Each structure stands twice: as C-alpha cells, then as structure tokens.
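One structure is given here, and the rest of the page talks about it.
Just so it is clear: chains get the letters A, B, ... in the order the sequence lines come, proteins before strands, and each one is counted from 1. Since the structure is predicted, the reported quantities are computational estimates derived from the model, not experimental observations. Basis for what follows: all heavy atoms, side chains included, without hydrogens, waters or symmetry-related copies.
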Number of protein chains: 2
Amino acid sequence: MRIGELSRRSGVSVPTIKFYLREGLLPPGELTSPNQAEYADTHLRRLRLIRALIELAGLPVARVKEVLESLDAGDQALHHRIGAVHRALAPSWPPAESADARAEARVRELIEKRGWMIEPDAPAIGTLAETIAVLQSLGQDDLAADLDSYADAVERLAEREVAAVASRPDADRIAESVVVGTILGERLIAALRLLAQEHISARLLGSASGDSRTE
Amino acid sequence: MRIGELSRRSGVSVPTIKFYLREGLLPPGELTSPNQAEYADTHLRRLRLIRALIELAGLPVARVKEVLESLDAGDQALHHRIGAVHRALAPSWPPAESADARAEARVRELIEKRGWMIEPDAPAIGTLAETIAVLQSLGQDDLAADLDSYADAVERLAEREVAAVASRPDADRIAESVVVGTILGERLIAALRLLAQEHISARLLGSASGDSRTE
DNA sequence: GCAATATGGATAGTATCACTAGCCATAAAG
DNA sequence: CTTTATGGCTAGTGATACTATCCATATTGC
C-alpha cells in the first residue's frame, strides 16, 4: 500500500504520516522507485501504536520515539525488555527529590516487606515516592496509608499480565504487548476504577436524601 | 501571608501565581489596601492542588479551572459531587464513537452483569469503550478479555476509597479528597503496578538465561 | 524619614510542541 | 497526456503554559 491508503486505513492524515516519517517514529516504506514507496501492515500497526501512545497515553513525540526504539532494540531477554520499556515510559523529569526522602524510604520498605525483586533504580520508585509525598503535602494520607491493599490488588493483576505476555508465541510482538499492556492497561484500570467508584458511591451514599453527612 | 511567602512555601514562582490568579484558578487574596492582599492557608493548599493537577495529572489549565469550579460548587450531595468531579476530570474529547459501538456494548454488558449502578452518560464508559476498541485494533485483546479480573480488583479498592472519603469529618475537604484520590490514586496505582510487573517478570522470566523464549 | 525592595495589576512576549502548508520533480491513474 | 498522488523538503501555524516588563503604591530596613 502507498501513503494514501495507509492514511485512509489508519485515520491519520498524509502530512502527519510524513511528519512521523521525518521524526523517525515510523520506519520508511520500501522504495520501488526514487520517489515511490510501499508500506506494509507492520506500518499500519506501528502507526496505530504511535497514535495510542500520543493520544491515549499523552506521551510527547520524542518519548514515543524512545519507546519505539527500545521496542525495536535487539535485546532478547524478555525481562530486560520489560524493564527497558518501563524506563522509556517513565515520566523522565527526575522527581523533585526534595522532601521525598521519607516517602522513598517508605516505598523501599514496602518493596522489601513484600519480597519484591526490583532494580534499585526503577523509575517507578521515584514516581511512587513523589506521589505519596504530594498526597501527604495535601493532607490526604488515607490513600497512602493503605498502600498494602493496592499492592495486593496490583500484584494479582501483574501476575496475569506478565503470564499473558510471556505466553505470546510471536516473539516480534511481545515487546509491543508490553507497551500496549502498560499504557492501555493503565487507562483501562483508571476508567474501570471510576465506574466502580461511582457504583459504590451510589450504593453507600446515593440513596434517598442525597446528603448523608449533614450534622 | 503575602504573595512572596505563598511563593516560597509552595515552590511556585510569583509570576506563575499571578498567572493563576488571572486565570481564576486561585481565588484572589483579601485586599488590605488598594494594592496589598493577604493570602491564607487555603490558598496554599489550593495552589498545591493546582500543581498536582497540572504536573502530576497532566490536566490543561482550562480543565483544572473546571475541576476547581465543580469542587467549589455548593452542590451538597456527596454522590453527585463525586459524579461532577469525575465528569470534570474526564478526557473531554467525546471518544471517536466510530467502531467503538461493539466495545461500548461490551462495557454496558459488564456494568449490567456486575449490577453496577452507573449513570448511562458517565464519561468513563466512553473512555473504557475507546480503550477496549484500541486494544482490539492493535491485536491485543488479552487485557480486554480479562475485564472481570480488573473489575474485581478495582471494585474492592473503590469500596475502601469511597468509605474513606465519606468518613471525613470536614465537609469542606470532601470534594478535594475526591479530586486528589481520583487523580493521585490513579498515579499511585500505575506506579505500583509497574513495580509489581517488574517483580513478577523477574520471578517468572528473569532468572538464569535471561531468555526463556528462544526455541 | 527615606532609600531599597516587594506588591498588585496589567500588557506583551517567549518557548515548546505537534502538527500543517506549500513547493518541487516525478510517478501513477484515467 | 492531462489530472492526481507521491516522496522529500523547508517554513509556518495554533495552542499552551508560562515569563518579562512596567507602573504606581506599600512595606521594610536602617
């Protein structure tokens, strides 16, 4: 297929596809003449992945490029690949590192208590510590107090997710699964959580008066 | 306190605070003379909330304004307040609505099967449907296939969260708790999930060879 | 009492980002 | 054999989140 069809099938405009080609997000098509190229289904899938990363995950183009590069890297070990993808997906600004020290200690304590095997420089540690620190600075430590419940829930999910990814037969797409699963999984969980919250709040508080806390 | 101290205590520059005042994100201080104003601790907390919404949740300033307005609205019923906050936090672009029809049917089916009481126009429905549709267009339906596990996990968490919010004595801060809990909770869950994934992947795949899928 | 600094309020400017427009020579389609 | 599409290029655009600067007035330090 040529660029026009790629555009129609992906819903991305031709100039934007050209832009992604220029930026190196999308590999060039195979040239059939000096100014004619052929694109394959892999281009279509990659393009959809790019759109998901930009639109749904809100990643800046430069970060998308890093993610895709780590995805195409020849590193064979699945575990390391997952680590690389996680690193590429991380927020990048090294977290404030100011008063987060206590929060970070708390995170490392949690990791140790659960016996989690985590590289000490995993970016999620900083993200988590920063989040906890902000929660505390806002006077809302309920959430952070219950870290264990969250860890329980998330550990169960991760078990299924990693198993599902590892069982994929097509080695080529494993890394892609990791990216998609991480990013879209996050969104899926977030949306489901909102729905669950609405349900529970309807059940616990929504019934008659509409205000259960007047006193 | 005056603007200088507010700036020092929040870590936000004076010009940026002025910008937030102009944009109506931060209510004006109390004027003590024609050009002198006094800010209270509520301003400091509000400012930290604004930063969390912009930096951590990545909300655009305009959306932050909406969220804060819904937060300050006098609507008394907690359940409705939660709904309003969820609506203000939603992605705003009405989801593509194209081939998402099947995915949306799937979501409504899930809601019905679990007996969830959800308003039919809840924005999370669209978000979830879109996410599922994208997952399928990327050929990764494992995640979506296991929706029930996610719903289970998330329902348990929501139960605690709503109960925690509802038990807060300070009615003034309940809505703020909803915002903070929704946004920072999401981030907390996401970070924890990455850590759990890394642990599980180390356990299942990381051991010796580093490549369990060579065959 | 008085110079140095800070403040509230305003207008205008900047940096970044994700595209988008336009041009050209050549290729494909009708 | 004309119309449309393509690949490759440079330059421009619109949105967003601040920054910079200015001014008249207040406060602060001495």
Q: Figure out the CD/P separation between A/Glu5 and C/dA28, and round it to whole Å.
A: 16 Å
Q. Mind checking what makes side-chain contact (heavy atoms from CB on, under 4.5 Å) contact with B/Thr32, not counting sequence neighbours?
A. B/Gln36, B/Glu38
Q: Would you kindly compare B/Ile54 and B/Arg2 by the position of their nearest DNA chain D nucleotide and give the one closer to the 5′ end?
A: B/Ile54
(Q) Taking ring pair (Phe, Tyr, Trp, His ring centres under 6.0 Å) as the cut-off, I'd like each qualifying pair that reaches into residues 22-48 of chain B, sequence neighbours left out, listed once. (A) B/Tyr39-B/His43
Q.
B/Glu104: which residues meet the salt bridge (charged side-chain N to carboxylate O under 4.0 Å, His left out) condition with it, sequence neighbours left out?
A. B/Arg108
Q. With B/His199, which residues qualify under side chain to side chain donor-acceptor pair (under 3.5 Å), at least two apart?
A. none
**Q.** For chain B, the stretch of DNA chain D it reaches, first to last nucleotide, under 4.0 Å of its heavy atoms
**A.** D/dA17 to D/dT27
Q: Could you walk me through whether A/Glu155 and A/Trp116 pass side chain to side chain donor-acceptor pair (under 3.5 Å), step by step?
A: CA-CA 10 Å; A/Glu155 192 172 338; A/Trp116 278 359; 3.2 Å; yes
Q: For DNA chain C, determine which residues of residues 32-45 of chain B have any heavy atom closer than 4.0 angstrom to one of its atoms, and list them numerically.
A: B/Asn35, B/Gln36, B/Ala37, B/Tyr39
**Q.** Touch class at under 4.0 angstrom, heavy-atom based, for A/Arg51 against every strand present
**A.** sugar-phosphate
**Q.** Pairs flagged by side-chain hydrogen bond (donor to acceptor under 3.5 Å, both in side chains) wherever residues 14-27 of chain A is involved - sequence neighbours left out
**A.** A/Ser13-A/Thr16, A/Tyr20-A/Arg51
Q: Using heavy atoms and a sub-4.0 Å distance, could you list which residues of residues 15-30 of chain A are near DNA chain C? By number, please.
A: A/Pro15, A/Thr16, A/Phe19, A/Tyr20, A/Arg22
Sequence neighbours left out, cut at 3.5 Å: what donor-acceptor pairs do the side chains of residues 140-149 of chain A make with other protein atoms?
unit_1	atom_1	unit_2	atom_2	d
A/Gln140	OE1	B/Ser177	OG	3.4
A/Gln140	NE2	B/Ser177	OG	2.8
A/Asp142	OD1	B/Arg168	NH2	2.5
A/Asp146	OD1	A/Ser149	OG	3.0
A/Asp146	OD1	B/Arg160	NH1	3.3
A/Asp146	OD2	A/Ser149	OG	3.1
A/Asp146	OD2	B/Arg160	NH1	2.7
A/Asp148	OD1	A/Arg114	NH1	2.7
A/Asp148	OD2	A/Lys113	NZ	2.8
A/Ser149	OG	B/Arg160	NE	3.4
A/Ser149	OG	B/Arg160	NH1	3.4
A/Ser149	OG	B/Arg160	NH2	3.4

Q | Stepwise side chain to side chain contact (heavy atoms under 4.5 Å, CB included) test for A/Leu194 and A/Gln197 | A | CA-CA 5 Å; A/Leu194 291 188; A/Gln197 284 178 351; 3.8 Å; yes
Q) Which listed nucleotide (C/dT20, C/dA18, C/dC19) is nearest to the side chain of A/Pro60? A) C/dA18
Q. So which pairs with a foot in residues 118-139 of chain A pass ring pair (Phe, Tyr, Trp, His ring centres under 6.0 Å), sequence neighbours left out?
A. none
Q | Between C/dC17 (C1') and A/Lys65 (NZ): distance, integer Å | A | 15 Å
Q: For A/Glu176, check side chain to side chain donor-acceptor pair (under 3.5 Å) against everything at least two apart and list the hits.
A: A/Arg45
Q) How would you list, by chain and number, every residue that makes a salt bridge (charged side-chain N to carboxylate O under 4.0 Å, His left out) with B/Glu5, sequence neighbours excluded? A) B/Arg9
